[in-house]
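Worksheet: one structure, shown below.
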Amino acid sequence: MRRDEFRAGRRPGAPRRYPCTVAPTPPETPLAAAGDPLAAPSLTLFADLEVEVGAPIEIGKVAAGVRRVIPIVGGRCTGRGFSARVLPGGADFQLITSETMARLEARYVLETDAGDLIYVHNDAVRTAAPAVMARLVRGEPVDPAEVYFRCLPRFECAAPALAWIGERVFVGVGVRRPQTVVMRFFEVL
C-alpha cells in the first residue's frame, strides 16, 4: 500500500475513488421536460413510530450469521391521518451477517385509535463500523450519525380508509436506542 493510499483510508488493492460530478441535463432534452415519467421520485412523510423492544433472544451462530429475535412489546405511531399504538407480540428477526452489517425483518401490528389494525412488515439494513455495531448489539447507546439504518416497510390493512397504504411504496430511516427503535416512514410519490 502506498503512503497516500494509507492516509486516504483505502484498503490495499481497493480501487481508487475519484470525486464524481454529474453534469446537469440540459433543459432542451426530453428527460428534463416537465412531467418526465422517469424522473426521480419524491418523498412525503407518512408516519413517525417509536417501537418499544424487549431483551434480545440470542439464537446464536447459524449458517448465514448470528441470529437474534428482538420482541416488540409496545410503542406509538403518528401517521398521516391516524394515530396508533404498537401491539405487543411482534418481533424483529435479526441476522448479523458481519461485524459491520445486520439485516432486520420486523413484523408487528398497529392498532389505530379508531380500532383499525395495520400489519407492518419492515425489512431493513443497519451498518456501522465494527466497534459501533458491537455497542448496538450489546444494547448500548450510540450516536445515530455513525449508523446507516434504512428500511422498506410494507403495510396491509382491511379498513377501507387505509386500504391505499397496501398499494404504495414506502421507505424509511431509523435510530436504534437501548429500549426503543425510532423510525420515520416516507411514501414514495
Side-chain angles (χ1 to χ4, degrees), residues 17 19-53 70 72 74-87 89-98 100-128 132-133 136 142-177 180-189:
R17 293 190 179 163
C20 179
T21 57
V22 177
T25 305
E28 66 275 3
T29 65
L31 290 180
D36 175 13
L38 298 178
S42 56
L43 305 175
T44 187
L45 179 63
F46 173 66
D48 285 318
L49 291 89
E50 184 169 18
V51 178
E52 300 165 1
V53 295
I70 314 298
I72 293 175
R76 289 292 305 160
C77 172
T78 303
R80 188 182 330 137
F82 70 94
S83 292
R85 67 185 183 109
V86 179
L87 297 180
D92 182 0
F93 304 91
Q94 298 185 354
L95 184 64
I96 301 169
T97 60
S98 72
T100 61
M101 186 172 95
R103 294 201 174 273
L104 317 173
E105 181 183 351
R107 295 175 182 240
Y108 51 95
V109 177
L110 305 175
E111 181 180 32
T112 69
D113 291 347
D116 299 320
L117 299 177
I118 302 170
Y119 173 74
V120 182
H121 181 167
N122 190 20
D123 291 316
V125 171
R126 191 168 60 207
T127 62
V132 175
M133 285 296 284
L136 277 170
V142 300
D143 179 356
E146 296 182 85
V147 181
Y148 178 88
F149 185 165
R150 301 295 185 267
C151 58
L152 294 167
R154 296 186 306 275
F155 305 98
E156 296 175 9
C157 185
L162 292 170
W164 68 273
I165 65 177
E167 301 171 345
R168 297 291 185 269
V169 173
F170 298 87
V171 296
V173 295
V175 172
R176 176 66 159 98
R177 298 203 169 110
T180 61
V181 178
V182 178
M183 292 170 288
R184 179 165 285 162
F185 295 158
F186 300 89
E187 178 188 0
V188 179
L189 300 178

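- Across Ala106 and Ile72, no two heavy atoms sit closer than the pair CB-CD1, 4.4 Å.
- Arg184 contributes atom CZ, which lies 12.5 Å from atom CG of Leu43 (distance to the nearest 0.5 angstrom).
- Met183 and Tyr108 make their closest contact through CE-OH, 3.7 Å (heavy atoms, listed as atom of the first residue, atom of the second, distance).
- Atoms CG and OG1, on Leu49 and Thr180 in that order, are 11.5 Å from each other to the nearest 0.5 Å.
- Contact of the Phe82 side chain with the Cys77 side chain is registered, since non-hydrogen atoms from C-beta on lie closer than 4.5 Å.
- Taking all atoms of both residues into account, the shortest heavy-atom contact from Met133 to Ala102 is CE-N, 3.8 Å.
- Note that CD of Glu187 is 9.0 Å distant from OG of Ser42, once rounded to the nearest 0.5 Å.
- Figure legend: cation-pi geometry between Arg150 and Tyr148, with NZ or CZ positioned under 6.0 Å from the six-membered ring centre and within 45° of its axis.
- Contact check on Asp123 versus Arg103 returns no salt bridge, with no Lys/Arg side-chain nitrogen under 4.0 Å from an Asp/Glu carboxylate oxygen.
- For Arg80 against Trp164, the heavy-atom pair with the smallest separation is NH1-CH2, 3.3 Å.
- A side-chain donor from one of Tyr119 and Arg107 sits under 3.5 Å from a side-chain acceptor of the other.
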Show, in sequence, the C-alpha distance, side-chain angles and deciding distance for Ile70 and Val181, and conclude whether the side-chain contact (heavy atoms from CB on, under 4.5 Å) test is met.
CA-CA 11 Å; Ile70 314 298; Val181 178; over 6 Å; no
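- The shortest side-chain heavy-atom distance between Leu104 and Val125 does not fall under the 4.5 Å cut-off.
- Asn122 contributes atom CG, which lies 7.5 Å from atom CG of Leu152 (distance to the nearest 0.5 angstrom).
- Summarising the geometry, atom OG1 belonging to Thr44 is positioned 15.0 Å from atom CZ belonging to Phe185; distances are rounded to the nearest 0.5 Å.
- Taking every heavy atom of both residues into account, Glu105 and Asp92 meet most closely at N-OD1, 3.4 Å.
- Taking CD1 from Ile118 and CD from Glu111, the interatomic distance works out to 10.0 Å, rounded to the nearest 0.5 Å.
- Smallest separation of non-hydrogen atoms from Val86 and Glu50: CG2-O, 4.4 Å.
- Within the cation-pi definition used here (under 6.0 Å to the ring centroid, within 45° of the axis), Arg126 qualifies as a partner of Phe149.
- Using modelled atom types, one side-chain atom of Ser98 and one backbone atom of Thr100 make a donor-acceptor pair closer than 3.5 Å.
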